[in-house]
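Before any comments, here is the structure.
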Amino acid sequence: MKILDRYILITFLRTFFSVFIIFMFIFILQGVWLYIAELAGKDLDITVTAKFILYYMPKLIPLVVPLTVLLSSIMVFGNFAENYEFAAMKSTGISLQRAMRSLSVFIVALGIATFFFANNVIPWGEYNFYNLRRNIAKVKPALAIAEGQFNEIGNINIKVEEKSGDRGQFLKGVVIHKKNNTRTGNYTVIVAEEGELKSSIDSNILQLELSNGNYYEEIVNKDSRQNVNQPHVKSYFDNYTFNVDLELLNTEDLDEKNHSDRYNMYNVTQLNDVIDTLKNKKTDDYFNLSKTLNNRSTFSSLNTNIDTTKTDSIYNGKDILELYNISQKVQIINLAINSSNSTRQILDSNKRSLEQKDIRLNKHIIVFHDKFVLALACIILFFVGAPLGALIRKGGLGLPMVIAIVLFLTYHFFGIFAKNSAEKGSFSPVIGAWLSTAVMLPLSIYLTTRATNDKGVFQFDFIIVPLKRLFSSKNKFQLSESDTKTYNYYKRYSIEELIEIIKKQEEFDLDKKPKEIALHNLLDRKISLEGLKSEGLEIPDKLIKARVLLRDYKDYSKTSLVSYVVGIILLVLHLIFKNNKLPEIAESALSLSIIAFIFFVIYVIVDVFKYSKFYKIIDLKGKQNNPLILILTLPLYPLKYIILRNKISQDFYLSCLQNIK
């Protein structure tokens, strides 16, 4: 390895591992804070806490490693460019691609390593972390009940709206789903207004005393036709004591690992097998559903006990019901309606079941592709960060940190959005897994090309230059090179000397250009017209009046702009508060917005009056406002404000140059 390659690689590795440790430490602290409710008050020893952190660390790698690669590459190449090391390399004929060669090999090796890590270590961490969390939650079940979500304790799933008491033993808004050992599903539901957890140190029974509630149990018959009417048992109770056996829970082995069937606990081979199994089950489910629906749609399924073998010589093949009498017709129609209703219920229940199975299948597919995405993301983000650092020419943790976080948040946002949508079946889970990386790929190619050709990150001159010409102040002449020299030369003159130049040019009818440049110089010194008049120049009264109108127009137009902006902001706040169900605040914001717009209209009318009067005084009546155009451009008032403000200032300036003698 050459000295240059070794220097670049060592510099990058030093930065990479430093940033990696910092980010890993930050994300671990965030994770501990996230799960603090599961750890606090459980009397856990240091070994269990260390295992908790150790098992949690692998799941951070898909976040930490890509962000570390991005920030490190921006920092390192930004430092090289800022310290002119790239300039020295290029002077010796070393291109950017040549400088990135050793790092490219390292990044490819890192990508391969992250794939094997995601394929082997992350499933191991997820497996141990999930089981450890479940075991910790069983140590003290009372503390395992979190507000606003279902919590599994023994053979029940419990949800509470609010907890109180020194040990969180008093509960409000209790909902319990009781498990059944003989069948899966939530067939028993207990709902109570209040509850209290009671247990003692020596007891293996957790008592849950409920008050003012209802008990529901769905009865499932072996004959599916008996389940059409959905039979169930319902009862009301004032007090109800529910016992949970904690003998096994309180002696829980924190190292026990009983759950290994989650999608993020599999490697690529296992995921591939599970995906094939789920696809086959999905096909079987659709086949069984179609078979069931087909069997229920036949005439024989009505079980009418009506003789269907008879024929009628007058039957014309149009309405088969005409073969039967009135009572038989009613019987057939009622049976058909009941059959269609039960079929619809079957479709609804199967729809929910199939949707959940599709989500489960999509999650497995996304996790399968995520293992490959992580490897490729490290490579692509390197080719985003390295050329970007060379282009911005800034090292350290300032600007590179900001840029890296913005880019990574964009990358992460696309990933989260795509995966959540793909899980629900909005589009293919393969696209959901690869979308964020696919978005960054064109950016990496673009930045690498720009950095190779020594061009800026973006070139918007074709947009910026016309905008500068449109919005820049036009109260100055566009002077030629020779006139600019004269103008700069006149800057050394005193006010009296400049006035003398103007008078001589008028008296002897000489070239008007020096006079205009001298007057131009005087006006740029912010000297009032009255001051110039007292110095002996001939200033028409209409210019003084026009200057007053110009000042009034600028003041009123600025007030109009402020009223317009305040009205828009209040209108947006009205919509936000309305969408967040805050009607009182929304109505107040709307009322204030209307008041602001009323002031805006009033001041716009005053603006128009001052504007028209100004151009009437300086004898430019053709530039007055058209009422129709004025009304149509009101929604774009900020843009119109900038344009007219520059235009009226320039016209006043030109009028001064033409009329001052």
Side-chain angles (χ1 to χ4, degrees), residues 399 402-403 405-406 409-410 413 417 458 460 463-476 523-524 526 528 544-618 620-655:
L399 183 61
V402 174
I403 295 175
I405 290 176
V406 170
L409 287 177
T410 304
F413 168 78
F417 168 77
F458 302 106
F460 296 122
I463 298 176
I464 295 175
V465 172
L467 288 177
K468 284 183 176 180
R469 291 175 181 174
L470 177 62
F471 297 126
S472 62
S473 178
K474 298 180 181 178
N475 59 346
K476 295 183 179 180
L523 293 175
D524 285 346
K526 307 300 181 183
S528 65
I544 298 176
K545 294 179 181 179
R547 187 202 56 185
V548 175
L549 291 171
L550 175 63
R551 184 169 58 245
D552 291 343
Y553 171 80
K554 289 184 176 180
D555 292 339
Y556 286 121
S557 61
K558 187 181 296 183
T559 307
S560 301
L561 180 65
V562 172
S563 302
Y564 178 87
V565 172
V566 171
I568 291 295
I569 293 174
L570 290 172
L571 185 60
V572 172
L573 290 176
H574 161 73
L575 298 175
I576 294 174
F577 291 136
K578 185 177 180 180
N579 290 335
N580 287 276
K581 298 181 179 179
L582 298 171
E584 294 83 2
I585 303 178
E587 290 299 325
S588 300
L590 180 60
S591 300
L592 293 174
S593 176
I594 293 173
I595 293 173
F597 281 123
I598 290 174
F599 276 104
F600 165 68
V601 173
I602 293 173
Y603 280 107
V604 165
I605 295 173
V606 177
D607 289 346
V608 173
F609 174 75
K610 296 292 183 182
Y611 186 88
S612 300
K613 194 173 181 180
F614 170 82
Y615 279 106
K616 184 177 180 180
I617 287 178
I618 64 173
L620 291 175
K621 298 180 181 180
K623 293 191 176 183
Q624 296 181 9
N625 273 311
N626 187 318
L628 180 60
I629 296 177
L630 174 66
I631 295 173
L632 293 176
T633 55
L634 281 181
L636 302 175
Y637 185 79
L639 180 63
K640 181 180 178 181
Y641 166 82
I642 297 173
I643 296 174
L644 291 184
R645 189 180 179 90
N646 290 329
K647 178 176 173 291
I648 195 172
S649 297
Q650 181 191 15
D651 290 339
F652 175 72
Y653 203 84
L654 293 173
S655 183

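Just so you know, these numbers use all the heavy atoms, side chains as well, and skip hydrogens, waters and symmetry mates.
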* Asked: Just by modelled atom types, is the Lys554 backbone N or O under 3.5 Å from a matching donor or acceptor in the Ser557 side chain?
  -> yes
* Shortest non-hydrogen contact between Val604 and Ser560, atoms and distance -> N-OG, 3.6 Å
* Minimum heavy-atom distance Glu587-His574, with the two atoms named -> N-ND1, 4.3 Å
* Can you tell me how far the NZ atom of Lys610 sits from the CG atom of Asp555, to the nearest 0.5 Å? -> 10.0 Å
* **Verdict with supporting geometry, Ile648 and Tyr615, side chain to side chain contact (heavy atoms under 4.5 Å, CB included)** => CA-CA 9 Å; Ile648 195 172; Tyr615 279 106; 4.1 Å; yes
* To do: Verify whether one side chain among Asp607 and Tyr553 offers a donor that lies under 3.5 Å from an acceptor in the other.
  => no
* Could you tell me whether Tyr603 atom OH has more than 12 heavy atoms of other residues or ligands within 6.0 Å of it? => no
* Asked: How long is the span from the OH atom in Tyr611 to the CG atom in Asp552, to the nearest 0.5 Å?
  -> 16.0 Å
* Min side-chain heavy-atom separation Leu570-Leu590 under 4.5 Å -> no
* **Approximate separation, where rounding is to 0.5 Å, of Ile605 CD1 and Phe609 CZ** => 12.5 Å
* Structure fact -> Only residue of Val566, Leu571, Leu573, Val572 satisfying side chain to side chain contact (heavy atoms under 4.5 Å, CB included) with Ile569 is Leu573
* How many angstroms lie between OG in Ser612 and CD1 in Ile617, if you round to the nearest 0.5 Å? -> 11.5 Å
* Between Ile568 and Phe597, is any pair of side-chain heavy atoms under 4.5 Å apart? -> yes
* Asked: Hey, is OH on Tyr564 packed in by over 12 heavy atoms from elsewhere, all under 6.0 Å?
  -> yes
* Nearest atoms (heavy-atom pairs only) where Phe599 meets Ser563 -> CB-OG, 4.0 Å
